[in-house]
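Taking it in order: structure first as structure tokens, then the write-up.
What you are looking at is a predicted structure, and each value in this text was computed from that prediction instead of being measured.
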Amino acid sequence: MRGVTYSMSVSLDGYIIGPDGAFDWAAPDGEVFRFWIDEIRRVGVHLLGRRLYETMLYWETADQDPSLDEATQEWTALWKPLPKVVFSSTLSEVRGRARLASGGLAEEIERLRAEPGEGDIAIGGATLAAEAAALGLIDEYQVMVYPVLVGGGVPYFAREERRVDLELVETRTFGSGTVYLRYRVARQA
């Protein structure tokens, strides 16, 4: 069965977006960007909320920019054809390989898990991930921790009083001081 992963960049104090709405501090250096390129190869479908979808729209046409370096071209070539499901109550249409979700999050994930296909079901965006976490649908948390304190903003984890036990699967430290942490949700047998 396909796993559901929540993978985002986060400040050391736990935010994916700072209090000013910026996330420029999470711009990956070459080494981290190469890691993300390799990681996106494991994804079979990406679930996004409206805000993240709109942020990622850049990649739908980025390949038209002749000045892109080789790594950025590679990322674009992987992201653009990747199937995406967008959860939004305000959008009436989406572009590229995206489609609007036709059901609730649990129904969409159940349907995607039942479909034949390879690769993880990735969730991006704090609001959508918080809903999936509350429903117990996330199998792995993949956190790219940047060495910065932003002091507030949009948290990576929903502020709920709910315990979730995790098993450390992988860690990696990059030359920039950025640290990747991958945890699997410890399910009771």
If you take all heavy atoms of [X] and [Y], which pair is closest and at what distance?
X	Y	value
M56	L48	CG-CD2, 4.3 Å
S176	E31	N-OE1, 4.5 Å
A26	Y146	O-OH, 3.2 Å
P19	V150	CD-O, 3.3 Å
V45	V43	O-CG1, 3.3 Å
V154	A126	CG1-CB, 3.6 Å

Intermediate values then yes/no, side chain to side chain donor-acceptor pair (under 3.5 Å), S102 and E108: CA-CA 8 Å; S102 57; E108 286 286 344; 3.1 Å; yes
Distance in Å, [X] [atom1] paired with [Y] [atom2], rounded so as to fall on 0.5 Å steps:
X	Y	atom1	atom2	answer
L52	L128	CG	CG	9.0 Å
T76	D65	OG1	CG	9.0 Å
D63	Q73	CG	CD	9.0 Å

Between [Y] and [X], does any NZ, NE, NH1 or NH2 come within less than 4.0 Å of an OD or OE carboxylate oxygen?
X	Y	value
E54	R51	no
D165	R184	no
E60	K80	no

Just say parallel, tilted or perpendicular for the rings of F157 and Y141, cut-offs at 30° and 60°. tilted
I'd like to know whether the aromatic ring centres of [X] and [Y] sit less than 6.0 Å apart in this structure.
X	Y	answer
Y53	F87	no
Y15	F23	no
F174	Y180	no

Kindly check if the number of other-residue, nucleotide or ligand heavy atoms within 6.0 Å of [atom1] ([X]) is above 12?
X	atom1	answer
E118	CD	no
R34	CZ	yes
E110	CD	no
R113	CZ	yes

Residue from S9, P28, P147 passing side chain to side chain contact (heavy atoms under 4.5 Å, CB included) with T178: P147
Side-chain donor-acceptor pair present, S7, T5, cut-off under 3.5 Å: no
